[in-house]
*Asks:* 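Here you go, one structure.
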Amino acid sequence: MPKFVLGAASRKELQGVHADLVRVVHRAIELTAQDFSVHDGIRTLDEQKRLVAAGASKTMESRHITGHAVDLVPYINGKLRWEWEPIYVIADAVRMAAREFQVPIRWGGSWDVAFTDSTDSPEHLVAAYVETCRQQGKRAFIDGPHFELPKARYP
């Protein structure tokens, strides 16, 4: 299995992020079969406003603002790629790392599940989340690269 390391830009994005989440990200890059970059750690209110206005985020209460969230994007052939197959690989690595450190993680691919505790594949979790939203007459907002610490344990 390839060994990856976080680059300087990814390490910079982790500055100010909660130490438990930083540990999970550092361990996930060691475990993963898919290289990734930390695309977003801390966000300012202005950054968040722009993302909400563009439809890339749905809330001004983002966990990025408080240092409780990261976006991990696949790094393929020298480029960041928002593609589901490699995102699923990264999600599995994050879940393994989170379990190792006993850190609960909420995943943007399936907002309604305790991701760290789940044994279902990331693909299945996304499909189930989309179906649940459909049955409720809602449109699913799926953010596969997004991982956050839950407010219940990390206010």
*Asks:* Within this structure, what is the CG-CG distance for the pair Asp35 and Leu72, rounded to the nearest 0.5 Å?
*Replies:* 11.0 Å
*Asks:* Tell me if a side-chain donor or acceptor on Thr44 pairs with a main-chain N or O of Glu47 at a distance below 3.5 Å.
*Replies:* yes
*Asks:* Indicate yes or no: does Asp71 engage Arg43 in a salt bridge with an N to O separation below 4.0 Å.
*Replies:* yes
*Asks:* With distance as the sole criterion, is a donor-acceptor pair present between the side chains of Ser10 and Ser37 under 3.5 Å?
*Replies:* yes
*Asks:* Do the side chain of Thr116 and the main chain of Ile105 share a donor and acceptor less than 3.5 angstrom apart?
*Replies:* yes
*Asks:* Which value, rounded to the nearest 0.5 Å, describes the distance between Glu85 atom CD and Ile87 atom CD1?
*Replies:* 10.0 Å
*Asks:* ring-ring contact (aromatic ring centres under 6.0 Å, His included): which pairs involve residues 35-60, sequence neighbours left out?
*Replies:* His39-Trp82
*Asks:* Evaluate the side-chain proximity of Ser118 to Leu125: yes if any heavy-atom separation is below 4.5 Å, no if none is.
*Replies:* yes
*Asks:* Can Glu100 and Arg27 be counted as an ion pair, charged N to O under 4.0 angstrom?
*Replies:* yes
*Asks:* Any side-chain heavy atom of Asp46 within less than 4.5 Å of one from Arg50?
*Replies:* yes
*Asks:* Flag the pair Leu21 / Val103 as yes when at least one side-chain heavy-atom distance between them is below 4.5 Å, and no otherwise.
*Replies:* no
*Asks:* Should Val89 and Tyr75 be counted in the same cluster of Ile, Leu, Val, Met, Phe, Trp and Tyr side chains packed under 4.5 Å apart?
*Replies:* no
*Asks:* Using modelled atom types only, decide if a donor and an acceptor are shared between the side chain of Trp84 and the backbone of Gly144 within a distance under 3.5 Å.
*Replies:* no
*Asks:* Would Phe4 end up clustered with Val25 when hydrophobic side chains under 4.5 Å apart are linked, directly or stepwise?
*Replies:* yes
*Asks:* If you round to the nearest 0.5 Å, how far is CG of Leu6 from NZ of Lys12?
*Replies:* 15.5 Å
*Asks:* For a quick test of reading the model, state the closest non-hydrogen atom pair linking His64 to Ala69 and the distance between them.
*Replies:* ND1-O, 3.4 Å
*Asks:* Other residues, nucleotides and ligands only: do more than 12 of their heavy atoms fall within 6.0 Å of CZ on Arg153?
*Replies:* yes
*Asks:* Any chance you could lay out the side chain to side chain contact (heavy atoms under 4.5 Å, CB included) test for Lys151 and His68, step after step, and finish with the verdict?
*Replies:* CA-CA 9 Å; Lys151 280 187 180 181; His68 293 95; over 6 Å; no
*Asks:* Grab the two heavy atoms, one from Pro122 and one from Ala91, that are nearest each other, plus how far apart they are.
*Replies:* CG-CB, 4.1 Å
*Asks:* Val24 and Val113: same hydrophobic cluster, using ILVMFWY side-chain contacts below 4.5 Å?
*Replies:* yes
*Asks:* So how far is it from Cys133 SG to Asp112 CG, rounded to the nearest 0.5 Å?
*Replies:* 6.5 Å
*Asks:* Drop me the distance from Glu148's CD to His146's NE2, to the nearest 0.5 angstrom.
*Replies:* 3.5 Å
*Asks:* Do Leu80 and Ile29 share a hydrophobic cluster (ILVMFWY, side-chain heavy atoms under 4.5 Å, transitive)?
*Replies:* no
*Asks:* Taking the side chain as everything from C-beta on, heavy atoms only, tell me whether Asp92 gets closer than 4.5 Å to Leu31.
*Replies:* no
*Asks:* I'd like to know whether Met96 forms a side chain to side chain contact (heavy atoms under 4.5 Å, CB included) with Thr32, so could you lay out the CA-CA distance, the side-chain angles of the two residues, the decisive distance to 0.1 Å, and finally the verdict.
*Replies:* CA-CA 9 Å; Met96 284 189 292; Thr32 190; over 6 Å; no
*Asks:* Looking at OG of Ser57 and CG of Asp143, how far apart are the two atoms once the value is rounded to the nearest 0.5 Å?
*Replies:* 7.5 Å
*Asks:* With a 4.5 Å heavy-atom cut-off, do Thr66 and Tyr154 have their side chains touching?
*Replies:* no
*Asks:* Is it true that atom CD of Gln136 has more than 12 heavy atoms of other residues, nucleotides or ligands lying nearer than 6.0 Å?
*Replies:* yes
*Asks:* If you compare all heavy atoms of Trp111 against all heavy atoms of Phe141, which two are closest, and at what distance to 0.1 Å?
*Replies:* NE1-O, 2.8 Å
*Asks:* Please find the pair of heavy atoms, one from Pro74 and one from Gln34, that lie closest to each other, and give the distance.
*Replies:* CB-NE2, 4.1 Å
*Asks:* Does one hydrophobic cluster hold both Val94 and Ile76, with members joined at side-chain heavy-atom distances below 4.5 Å?
*Replies:* no
*Asks:* Measuring only between side-chain heavy atoms, which start at C-beta, is Ile42 closer than 4.5 Å to Val17?
*Replies:* yes
*Asks:* Within a radius of less than 6.0 Å around CD of Gln102, do more than 12 heavy atoms belonging to other residues, nucleotides or ligands occur?
*Replies:* no
*Asks:* Could you tell me whether the side chain of Val70 reaches within less than 4.5 Å of the side chain of Asp40, counting heavy atoms only?
*Replies:* no
*Asks:* Evaluate side chain to side chain contact (heavy atoms under 4.5 Å, CB included) for Val73 paired with Ile90, printing each intermediate quantity in order.
*Replies:* CA-CA 8 Å; Val73 177; Ile90 295 165; over 6 Å; no
*Asks:* Quick one: name the residues clustered hydrophobically with Ile65, using the 4.5 Å side-chain heavy-atom rule over I, L, V, M, F, W, Y, and just say none if it's on its own.
*Replies:* Leu45, Val52, Met60
*Asks:* Tell me every residue that passes salt bridge (charged side-chain N to carboxylate O under 4.0 Å, His left out) with Arg63, counting only those two or more places apart in sequence or in another chain.
*Replies:* none
*Asks:* Arg106 side chain to Phe115 main-chain N or O, any donor-acceptor pair under 3.5 Å?
*Replies:* no
*Asks:* Counting only heavy atoms from other residues, nucleotides and ligands, does the tally under 6.0 Å from OH of Tyr88 exceed 12?
*Replies:* yes
*Asks:* Does the side chain of Arg134 come within less than 4.5 Å of Tyr129's, by heavy atoms?
*Replies:* no
